[in-house]
Number of protein chains: 2
Amino acid sequence: MAQSDTVDRILDAAEELFAERGFSETSLRMITSKAKVNLAAVNYHFGSKNALIHAVFARFLTPFSATLEKAFDELEERCGDQPPTLNQTLWALTESAVRMPQRNEKGISIFMRLLGLAYTQSQGHLRKFLEQEYSEPFSRFMRLLKAATPQLSAVDRYWRIQFMLGATAFTMSSSDALRDILQNKTGVETSVQEIAARLVPFLAAGMQAEDTLLVSPAGSKVPVA
Amino acid sequence: MAQSDTVDRILDAAEELFAERGFSETSLRMITSKAKVNLAAVNYHFGSKNALIHAVFARFLTPFSATLEKAFDELEERCGDQPPTLNQTLWALTESAVRMPQRNEKGISIFMRLLGLAYTQSQGHLRKFLEQEYSEPFSRFMRLLKAATPQLSAVDRYWRIQFMLGATAFTMSSSDALRDILQNKTGVETSVQEIAARLVPFLAAGMQAEDTLLVSPAGSKVPVA
DNA sequence: TCGTGCTTCAAACGTATGTTTCAAACAGAC
DNA sequence: GTCTGTTTGAAACATACGTTTGAAGCACGA
C-alpha cells in the first residue's frame, strides 16, 4: 500500500458520507468501514473528527480558490477599466467550479452539498475554519458582485446574495436526486453544466429584480420600510 | 400543574432548541432540563425523540396548512376564472406564514428555521412524515405555480421551482444568523416580514427570467441544449 | 540482518445518548 | 378516606460515540 493511500481513502469516504448525512450524523466508524481502514486511522492521521472535516474542505477548497482567483484575474483583465457584469461574474464562478478536476462523476455536486451544509449546520468550528482560510476569494467575489450591481442598496444586495447562495447550495446539494426525479417523470437527462446554465439566468434575474417592493394580493405596490 | 402543561413545556423547549442547534445536536436531556420536566416525560408523552420532532412540526403545520388552504381559496375566488398570478400566489403563501398566530415574538422565525432544517438535514423520518401529512397544500401550491407560469416549459419550471425552494429554505434556515450578521455590520434590524418582502420579488423575477440562456464570459448568448 | 520510524490493528476507555423501569406522588370518583 | 388510573421521579439500561492505548506489522537504510 502506497505511503498514505489511507489518508485519501478516508477523505473520499468522509466527503461522500458527510454530503449524504451531515456531519454529526456521520460517525467515524461509518467512515472507516466505508474506507476499509482501521478506526484509529482517523485520529492517527488527522487528530480528531473536526480536523478531518476541515481536511475534507481544504482538499477541495484550496485548489478551487486558486482556480477562482485566476478566473477573476482574467475576467478583470479582459474587462479593462470597467467592472465585470453580473453575468460575467457569476459565470466565472460556475465555470471555475465545473472545470475543477473531479475525483469522480459526483465530485462537484457532493461539494456543493457540503458547502451548503457548512452554512446550514451550526458547526461553529467549521465556519471559523472557512472564514480564516478562504476569506480572500470570498470577499473578492463579494466586491465583484457589488461593482456589478451598483443600483442595489447594501442591504438589498446582502439579502439577495443570501438568496443566490441558497438557491445554488440547495440545488447543487440535491442535484443528483433532482436529476433522477426529472428523469423518471419526463425522461429528460440533465448534466450539472445544464443545471448551472439554468441557474445563472435565474440568479441574475433575481439579483437585478427591479426593486424590493411588496406586491400585495390586490396588485398594488407598497415599498418596504 | 394543569392536565398536561408538561407536554407544552416540552414542545416549547424542543422547538427552540431544535431551531438553534438542529435535531441530532439537541439531546433529550437538554430539552427536559430547559423545560424543567423529568427526562422520562418525553418518552412517556410522545413515545420517542422522533415522535417529539413530528409533534413540534404538527403543532405549527396543521393550523398553518388550514390557513394556507383558506388563503388559496380566497385567492382563487377573487381571481374568478383566470388563474392567480405568480406574485399573488407567492404572496398568499408568505402572508399566511407571517399572519399565523404566534406563541411568542420569535415564533415565526423559529419555525422558518425548522422548516429549512427539515429540508436540509437529511432526517428521513421527518421528510416522510411531512410528505404524508401535508402533501395536499404542497401540491396545490405546485398547481398554482404551474398555472401562473404558462410560458415556461415543464423542465424550466421544474428547475426554477427547485431554485425558489432552495433560496427560501436556505435563507429561512439561517435567518437568525443572517439577521445578526447584518445587524452587526450595519446596525440594520430586520424582521422576518421584511426578509419575506425581499425574497418574494427575487423569486418572482428569477422565475420569470426571460429565457434559459447560457451567457458566456465573452457576452455571447448560447441556447441550452 | 538488524534496527528504526512510521503505520496499522484489535481492544479498551470514558462519556453521552435514547429508552426503560418501577416505585412514589397525584388527581378525581365513589 | 379509599381506591384507581394517570403522571412524575430517580435510577439504571444498553448502545453508540470519539478517542486512546500498546502491541504487531511493515519498509528501508545501515
Side-chain angles (χ1 to χ4, degrees), chain A residues 1-59 114 117-118 121-126 128-129, chain B residues 1-59 114 117-118 121-126 128-129:
Chain A
M1 211 173 276
Q3 54 140 356
S4 219
D5 180 55
T6 303
V7 168
D8 289 319
R9 294 245 297 284
I10 293 174
L11 286 172
D12 288 340
E15 185 176 278
E16 212 160 321
L17 286 170
F18 286 152
E20 270 172 27
R21 325 177 26 101
F23 304 109
S24 340
E25 293 82 357
T26 302
S27 72
L28 292 185
R29 284 169 176 82
M30 291 177 198
I31 294 170
T32 53
S33 81
K34 177 174 184 126
K36 286 177 187 140
V37 303
N38 188 272
L39 169 61
V42 170
N43 283 278
Y44 175 77
H45 286 288
F46 297 94
S48 71
K49 184 181 179 180
N50 280 353
L52 169 62
I53 296 177
H54 297 173
V56 167
F57 277 85
R59 183 170 65 152
L114 284 182
L117 287 182
Q121 313 221 158
S122 58
Q123 302 262 2
H125 68 94
L126 221 194
K128 250 174 241 165
F129 170 77
Chain B
M1 212 172 278
Q3 51 139 0
S4 218
D5 180 56
T6 303
V7 168
D8 288 317
R9 295 243 297 283
I10 293 174
L11 286 172
D12 288 339
E15 185 177 277
E16 212 160 320
L17 286 170
F18 286 153
E20 272 173 25
R21 325 175 25 99
F23 304 109
S24 341
E25 293 83 357
T26 303
S27 72
L28 292 186
R29 283 166 178 84
M30 292 178 198
I31 293 169
T32 54
S33 80
K34 176 173 184 125
K36 287 176 185 140
V37 303
N38 188 273
L39 169 62
V42 169
N43 284 276
Y44 175 76
H45 287 288
F46 298 94
S48 71
K49 184 182 179 179
N50 281 353
L52 169 63
I53 295 176
H54 297 174
V56 166
F57 276 85
R59 183 169 66 152
L114 285 182
L117 287 182
Q121 315 219 154
S122 58
Q123 302 261 1
H125 69 95
L126 221 193
K128 250 175 240 164
F129 170 78

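Just so you know, these numbers come straight off a predicted model, no measurement behind them.
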Phosphate contact (D/dC17 OP1 or OP2) by A/Ser27 side-chain N/O below 4.0 Å: yes
Reported NE2-to-CD1 distance for the pair A/His125 and A/Ile53, which is rounded to 0.5 angstrom: 4.0 Å
Short side-chain N/O contact from A/Ser48 to OP1 or OP2 of D/dG18, under 4.0 Å: no
Residue closer to the 5' end of DNA chain C, A/Tyr44 versus A/Arg29 (nearest nucleotide): A/Tyr44
Any A/His45 side-chain nitrogen or oxygen under 4.0 Å from OP1 or OP2 of C/dC6: no
Separation of C/dT17 P from B/Lys49 NZ (nearest whole Å): 9 Å
Backbone of A/Arg9 reached by a side-chain donor or acceptor of A/Lys36 within 3.5 Å: no
Between D/dC17 (P) and A/Glu25 (CD): distance, integer Å: 12 Å
Listed nucleotide nearest any side-chain atom of B/Leu28, set D/dA10, C/dT8, C/dT19: C/dT19
Distance, nearest 0.5 Å, that separates CD of B/Glu25 from CZ of B/Phe23: 10.0 Å
Distance in angstrom units between A/Ile10 CD1 and C/dT8 C1', rounded: 11 Å
Interatomic distance, A/Ile31 CD1 vs D/dA16 P [rounded to whole Å]: 17 Å
Rounded distance in Å - NE2 (B/His125) to C1' (C/dG18): 13 Å
Length of the line joining A/Asn43:CG and C/dC6:P, which is rounded to integer Å: 19 Å
Candidate nucleotides C/dA10, D/dA11, D/dT19, ranked by approach to the side chain of B/Leu39 - the nearest: D/dA11
Touch class at under 4.0 angstrom, heavy-atom based, for A/Thr26 against every strand present: sugar-phosphate
Nearest-angstrom distance from the residue atom CG of B/Leu17 to P of C/dG18: 12 Å
Whole angstrom value for the distance that separates C1' of C/dT21 from CG of B/Asn38: 12 Å
Full working for side chain to side chain contact (heavy atoms under 4.5 Å, CB included) between A/Asn50 and A/Leu126: CA-CA 8 Å; A/Asn50 280 353; A/Leu126 221 194; over 6 Å; no
Closest listed nucleotide, where the reference is the side chain of A/Ala40 and the choices are D/dG18, C/dT21, D/dT21: D/dT21
Aromatic plane relationship, B/Phe129 with B/His54 - under 30° parallel, 30 to 60° tilted, over 60° perpendicular: parallel
